Each structure stands twice: as C-alpha cells, then as structure tokens.
There are 2 protein chains.
Amino acid sequence: MAKYEKIADDLRVRIRAGEWLPGGKLPSETPELTAHYKTSLPTIRQALGVLAAEGVVDKVHGRGNFVRKPRKRVMRTNQRHQWEKDRARAPEGTRKATGATEHDTGLTVSDLVFSADFRKVEAGEVLADIFGVAAGTPLLERIYRTRYQEEDAPFNLSHSYLVYDVVKANPDLLDASTEPWPGGTQNQLFTLGIELDRIEEHFTARPPTAEEAEELGLRAGVSVLIVRKVSIDTGGRVVEVSDVTLPGDRTELVYTTPLNRW
Amino acid sequence: MAKYEKIADDLRVRIRAGEWLPGGKLPSETPELTAHYKTSLPTIRQALGVLAAEGVVDKVHGRGNFVRKPRKRVMRTNQRHQWEKDRARAPEGTRKATGATEHDTGLTVSDLVFSADFRKVEAGEVLADIFGVAAGTPLLERIYRTRYQEEDAPFNLSHSYLVYDVVKANPDLLDASTEPWPGGTQNQLFTLGIELDRIEEHFTARPPTAEEAEELGLRAGVSVLIVRKVSIDTGGRVVEVSDVTLPGDRTELVYTTPLNRW
DNA sequence: GAGTGGTCTAGACCACTGT
DNA sequence: CAGTGGTCTAGACCACTCC
C-alpha cells in the first residue's frame with residue numbers, strides 16, 4: 001500500500017474516531033502533517049486529496065483543511081405530483097400561494113428565488129424518441145434555476161422540454177416572463193386541455209461535470225443526482241420531459257409506492 | 001486559470017469532439033502529452049486526475065489513459081414491489097422461478113450469484129427511531145451481495161433489518177442458508193402473517209467510501225446511489241428497513257407515480 | 001505580514017502490461 | 001524488455017485569509 005494511502009487511511013480513522021469534530025480544523029499540511037508523517041508535502045497533499053474526493057475533508061485555500069459537516073438535506077417527495085395535480089384546476093389565488101417545491105420543503109415562496117430562460121430548440125434523437133416525434137421537431141426548452149434567498153448557488157438546475165406545436169396554442173406559455181407560473185406545469189398543461197395520467201421518473205447518480213460543479217457551487221466530493229421526469233397524459237402521450245440536476249449532499253428523494261390489498 | 005485546468009479543459013473538449021472514441025487511448029503522459037502541452041509530468045497527471053474524477057477518463061496502470069465507455073445500466077423499478085406482493089402468496093414453484101431483481105433486469109436466476117450473511121445486532125438510534133422501538137432492541141441484520149456470474153464485483157450491496165422478536169416466530173428466517181428465499185422478503189413476511197401496505201424509499205447519492213469502492217469494484221469517478229427502503233404493514237408498523245448501495249454508473253432507478261383522474 | 005494552501009518544476013525509481 | 005503509468009522527493013513561488 002502506498003504511503004499516501006496509509007496516511008489517508010490513518011487520517012480517516014482519526015476523523016471517524018472524533019479526534020477532530022465536524023467543522024474542526026486538521027493540522028496544517030506544512031509543517032505539522034509533513035513532520036508527523038515524516039514525508040514530503042506532495043505526499044501529504046495527495047492523501048488529503050483522497051479524503052476531499054470522498055467528501056470527508058474540505059480544503060479551503062488560505063485557511064486549512066476541515067472535517068466536512070453533513071449538510072441539511074432538502075426532501076423531494078413523489079406526493080408532490082398528486083398534490084400539484086389536485087391544485088391544477090384551483091382558482092388562481094390558491095395556486096399562487098405555494099408551489100410544489102415549497103410544499104416539499106416547508107419553505108415559503110419568498111425564501112426561494114427562481115429564474116427562467118426559454119428557448120426554441122430541435123429535438124435530438126433521445127428526446128425525439130421519448131416524445132414519439134421525428135428528430136428535429138421543434139421543442140420549447142425551459143431552463144430553471146432555484147436557489148435560497150440567502151445562498152448564492154442554486155440547489156436545483158432544471159431543463160424542461162415540451163413539443164412546441166403543442167404549447168403554442170397558449171402563447172403565454174412561450175414567454176419566460178410569466179414564470180414562476182402559479183400552479184406549475186400541470187396547470188400550464190391544463191390550459192392546453194391536457195390531463196396527466198402518470199409520471200415516470202428515472203434516477204441516476206454521477207460526479208458533476210465541471211460546468212455543473214461551477215453552476216451549482218459544488219465542492220469536491222459531492223455527487224449529483226439526475227432526475228429525468230416524463231409526464232404522460234391520459235391518452236398515453238408523453239407531454240413533458242424534464243431533467244433536474246440536484247446536489248447529492250443537499251437532496252433526499254422520498255418515493256412512496258402504495259400496494260394493493262390482498 | 002491554472003495550467004492543469006486549461007489542459008483538462010482542452011482534453012475534455014477534444015474528447016467530446018470525438019478526437020478519441022470511447023474506449024480509445026489518449027496519448028501517453030510521457031513523452032507525448034508533456035511535449036504537446038510543454039509542461040512537466042506532474043502537471044499533466046493533475047489534469048488527467050481531474051478527468052478521471054469526473055469519470056471521463058480511465059487511468060490504467062501500465063497501459064495508458066482511455067476515454068471511458070458509458071456502462072450498460074441495470075434498471076430497477078418500483079413496480080417490482082407490487083409484483084413481489086402479488087407473488088408472495090403464490091405456490092413455491094411459481095415463486096422459485098424468478099426473483100424481483102431478475103424481473104427488473106430481464107436476467108434469469110442463473111445469471112446472478114447471491115450471498116447472504118445474517119447477524120443479530122442491537123438497534124442504533126436511527127434504526128430504533130424508524131422501527132419505533134427502543135434503542136438497543138435486538139434486530140436481525142441480513143447482508144446480501146448480488147453479482148453477475150461473469151463479473152467479480154457485486155453490483156449491489158444490501159443491508160436489511162428486521163425486529164428479531166418478530167421474525168423469530170419462523171426460525172427458518174433466522175438462517176442464512178435458506179437464502180435466496182423463493183418469493184423474497186414479502187413472502188417471508190407473509191409466513192409471519194404480515195401484509196405490506198406501502199413501501200417508502202429514500203434516495204441519496206454521494207462518492208463511495210474507500211470500503212464501498214473496494215467492495216463494489218468502483219473505478220475513480222463513479223458515485224454510489226443509496227436507497228433506504230422502509231416497508232410498512234397494513235397496521236402502519238415499520239417491519240423492514242433495507243439499505244441498498246448501488247454503483248451509480250450501472251444503475252437506473254425508474255419510479256412511476258400514478259395520478260388520480262379528475 | 002504571518003499562516004496556510006495551490007501550483008509547478010525536474011527528475012529518480014518502482015510497478016504493471018504486453019510482446 | 002519496452003512502454004507506460006504510479007509514487008515520491010525537495011524546494012520555489014504564488015494566492016488566499018485573517019489579524
């Protein structure tokens with residue numbers, strides 16, 4: 001086993017044992033750790049790099065290395081979908097009061113900041129296949145960012161796709177300035193005469209790309225959860241596809257599957 | 001921007017542009033890349049380290065650096081729960097034929113290898129809280145590993161917990177040699193007179209710990225998906241808690257949420 | 001300005017892969 | 001054995017944080 005791995009293992013054990021508390025500062029790379037482990041600086045840094053990649057340690061330039069504190073997680077349940085459907089036909093006053101994200105998180109509308117950005121794009125092969133249309137069919141792409149009022153980095157980056165020729169029946173839906181739309185996507189679809197039958201969600205996890213790490217303000221050692229939501233209407237047609245990128249250290253998805261009685 | 005970041009960006013762009021195909025070999029660190037970027041070896045290695053952490057590049061000792069090929073994903077749906085419940089009361093012959101994992105993946109029983117390991121443990125605070133019992137209550141801990149016949153590393157590592165005093169009514173359930181149990185956990189619970197009402201699943205994602213990377217055979221740049229499954233019986237009691245660790249690059253979870261009609 | 005981490009160099013030597 | 005990546009050294013200099 002390499003020296004840097006032994007050092008990383010040793011530090012991991014000492015951290016787990018509570019030698020430094022969450023948020024606490026580790027000894028300095030130079031001169032403390034190099035002296036303690038009797039090795040050169042790059043070797044110490046390689047060991048700390050391992051722990052940073054695991055999300056155990058936070059490296060902060062100019063300050064030191066710290067034991068990472070667990071982050072508070074935002075829950076996201078699948079009950080939000082039925083909840084949103086039930087409100088899709090409610091009067092505007094009711095719909096304005098709360099959105100699905102606030103419903104899940106218990107936050108109020110004013111805690112959150114949204115931004116929306118709409119574009120007309122052509123369907124690639126994958127999206128065309130899901131929608132059951134020809135590649136090149138025009139789609140409306142809507143990019144949303146949601147963040148806390150007090151934090152700079154968004155905790156949610158979302159790309160939503162709709163078939164352009166379907167949505168254009170209601171011109172308000174083509175205009176980003178109508179966002180955040182009271183009642184959300186299910187109310188928007190309702191204005192087009194569309195009722196959803198079910199929502200299918202696909203989850204995967206991977207390390208963030210450089211762009212995602214930048215945009216979501218992710219430290220080293222944080223994964224992203226990718227949720228692809230496919231909304232299917234009562235006619236079995238796919239009417240919306242939405243890709244949501246969530247920071248793995250701040251997110252917990254909760255899905256309930258009810259079972260039929262014997 | 002640091003030199004190694006520029007090099008990483010440049011290589012990422014060239015890889016995305018298809019200069020090297022998935023599975024293809026990048027130029028050697030020395031002498032090719034050091035010469036091309038006119039820099040020292042450690043700087044080239046730092047750049048490649050970034051791409052390896054993102055899962056873009058595979059470093060293989062003695063052979064070279066390769067563009068990572070996307071892995072084939074195994075689907076896991078929430079329909080497996082209803083499917084398993086429907087079979088829980090079926091005759092043994094039917095139950096023996098297929099398990100829930102094979103149902104999801106389309107594999108046959110003989111493609112998969114299971115191993116099971118049972119222990120009696122005391123409930124920690126978190127588990128005690130979920131089960132609604134006192135901390136220290138005896139639990140049956142069951143550790144399962146599932147892997148493909150032809151692969152060495154398991155693709156699934158699972159810890160399941162049951163309240164010991166509840167399961168001991170059927171001594172067969174305390175014995176790991178009865179695994180894999182035809183009909184799965186829901187049939188096991190059925191032998192105890194327990195019917196499930198719903199299953200609640202919690203998903204999170206993070207980089208693997210050193211132990212998980214070892215046990216699941218994960219390369220650098222692969223995240224893990226953690227699924228905590230909580231099974232609730234018709235009396236509203238939590239009867240099983242199961243933590244499953246899945247490799248992020250080989251797994252896709254698919255959850256369908258049906259919606260009530262207007 | 002003191003303390004601390006980030007980047008980079010030039011090169012030695014070891015370990016693994018395939019011929 | 002040749003080719004290639006993995007580890008490690010010793011030290012210079014830069015950049016950020018906080019007093």
Side-chain angles (χ1 to χ4, degrees), chain A residues 1-12 15 20 23-69 152 210 213-214 217-221, chain B residues 1-12 15 20 23-69 152 210 213-214 217-221:
Chain A
M1 182 184 278
K3 191 187 283 193
Y4 79 92
E5 286 180 298
K6 284 195 206 123
I7 295 172
D9 282 355
D10 185 55
L11 286 171
R12 200 169 17 233
I15 288 169
W20 304 285
K25 185 176 169 301
L26 269 57
S28 63
E29 299 180 356
T30 55
E32 293 174 325
L33 289 174
T34 49
H36 182 270
Y37 289 107
K38 299 188 202 325
T39 186
S40 68
L41 172 60
T43 302
I44 290 295
R45 287 183 52 74
Q46 196 174 359
L48 289 168
V50 170
L51 300 180
E54 286 170 11
V56 172
V57 158
D58 269 330
K59 306 189 112 273
V60 186
H61 193 173
R63 295 216 295 136
N65 294 288
F66 299 84
V67 178
R68 182 169 294 185
K69 276 199 270 236
D152 2 299
E214 165 82 11
L218 302 179
R219 306 200 61 91
Chain B
M1 182 183 277
K3 191 186 283 194
Y4 79 90
E5 286 179 298
K6 284 196 207 124
I7 296 172
D9 283 355
D10 185 55
L11 287 171
R12 198 169 19 232
I15 288 169
W20 304 285
K25 184 176 169 302
L26 269 56
S28 62
E29 299 181 358
T30 54
E32 293 175 325
L33 290 175
T34 49
H36 182 270
Y37 290 105
K38 300 188 202 321
T39 187
S40 68
L41 173 60
T43 302
I44 290 294
R45 288 183 51 75
Q46 197 174 358
L48 289 168
V50 170
L51 300 179
E54 287 170 11
V56 171
V57 158
D58 268 331
K59 307 191 111 273
V60 186
H61 193 173
R63 294 215 296 134
N65 294 287
F66 299 84
V67 178
R68 182 169 295 185
K69 276 200 271 238
D152 1 300
E214 164 83 13
L218 302 179
R219 305 200 62 90

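Lettering of chains follows the sequences in order, A, B, ..., and the numbering in each one begins at 1. Not measured: the values here are computed from a predicted model.
Here B:Arg63 pairs with nothing under the side-chain hydrogen bond (donor to acceptor under 3.5 Å, both in side chains) rule; sequence neighbours left out. Partners of A:Thr30 by side-chain hydrogen bond (donor to acceptor under 3.5 Å, both in side chains), not counting sequence neighbours: none found. For B:Lys3, the side-chain hydrogen bond (donor to acceptor under 3.5 Å, both in side chains) criterion is met by no residue, not counting sequence neighbours. A:Ala220 pairs by the side chain to side chain contact (heavy atoms under 4.5 Å, CB included) definition with nothing, not counting sequence neighbours. Every side-chain hydrogen bond (donor to acceptor under 3.5 Å, both in side chains) that B:Glu32 has, sequence neighbours left out, goes to B:Ser28.
Atom C1' of nucleotide D:dG6 and atom CZ of B:Arg219 are separated by 14 Å, given to the nearest angstrom. C:dG5 atom P lies 14 Å from atom CG of A:Leu51, rounded to whole Å. One can place OH of B:Tyr4 at 9 Å from P of C:dG6, the figure rounded to the nearest angstrom. For the pair B:Gln46 CD and C:dC8 P, the computed distance is 6 Å after rounding to whole Å. Counting to the nearest Å, the C1' atom of C:dT4 and the CG atom of A:Leu33 are 12 Å from each other. In this entry the distance linking CD1 of A:Ile7 with P of D:dT7 reads 12 Å, nearest Å. Whole-Å rounding puts the B:Leu26 CG to D:dT4 P distance at 13 Å. Nucleotide D:dG5 holds its C1' atom 11 Å from the CZ atom of B:Phe66, rounded to whole Å.
Of the candidates D:dG6, D:dC8, D:dT4, the closest approach to any side-chain atom of B:Ser28 belongs to D:dT4.
Counting only residues at least two apart or on different chains, no salt bridge (charged side-chain N to carboxylate O under 4.0 Å, His left out) pair has a member in residues 35-44 of chain B.
Within the structure, a side-chain polar atom (N or O) of A:Arg45 is placed less than 4.0 Å from OP1 or OP2 of C:dG6. The shortest distance between the side-chain N/O atoms of B:Asn65 and the OP1/OP2 oxygens of D:dT4 is not below 4.0 Å.
A rotation axis mapping the C1' atoms of four pairs onto the next four is fitted at both ends of the helix from C:dG1-D:dC18 to C:dG18-D:dC1 over five pairs, and the angle between these axes is 30° to 10 degrees.
Closest approach of B:Arg68 and B:Gly221 over heavy atoms only: NH1-O, 3.7 Å.
A donor-acceptor contact shorter than 3.5 Å is absent between the side chain of B:Arg219 and the backbone of B:Gly55.
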Return a single string for nucleotides 9-19 of chain C, one symbol per nucleotide in 5' to 3' order, where B is base contact, S is sugar-phosphate-only contact and - is none, cutoff 4.0 angstrom on heavy atoms. BB----BBSS-
I'd like a table of donor-acceptor pairs (distance under 3.5 Å, sequence neighbours excluded) in which one partner is a side-chain atom from residues 42-52 of chain A, with atom names and distances.
unit_1  : atom_1 : unit_2  : atom_2 : d
A:Thr43 : OG1    : A:Ser40 : OG     : 3.4
A:Arg45 : NH1    : A:Glu29 : OE1    : 3.1
A:Arg45 : NH1    : A:Glu29 : OE2    : 3.4

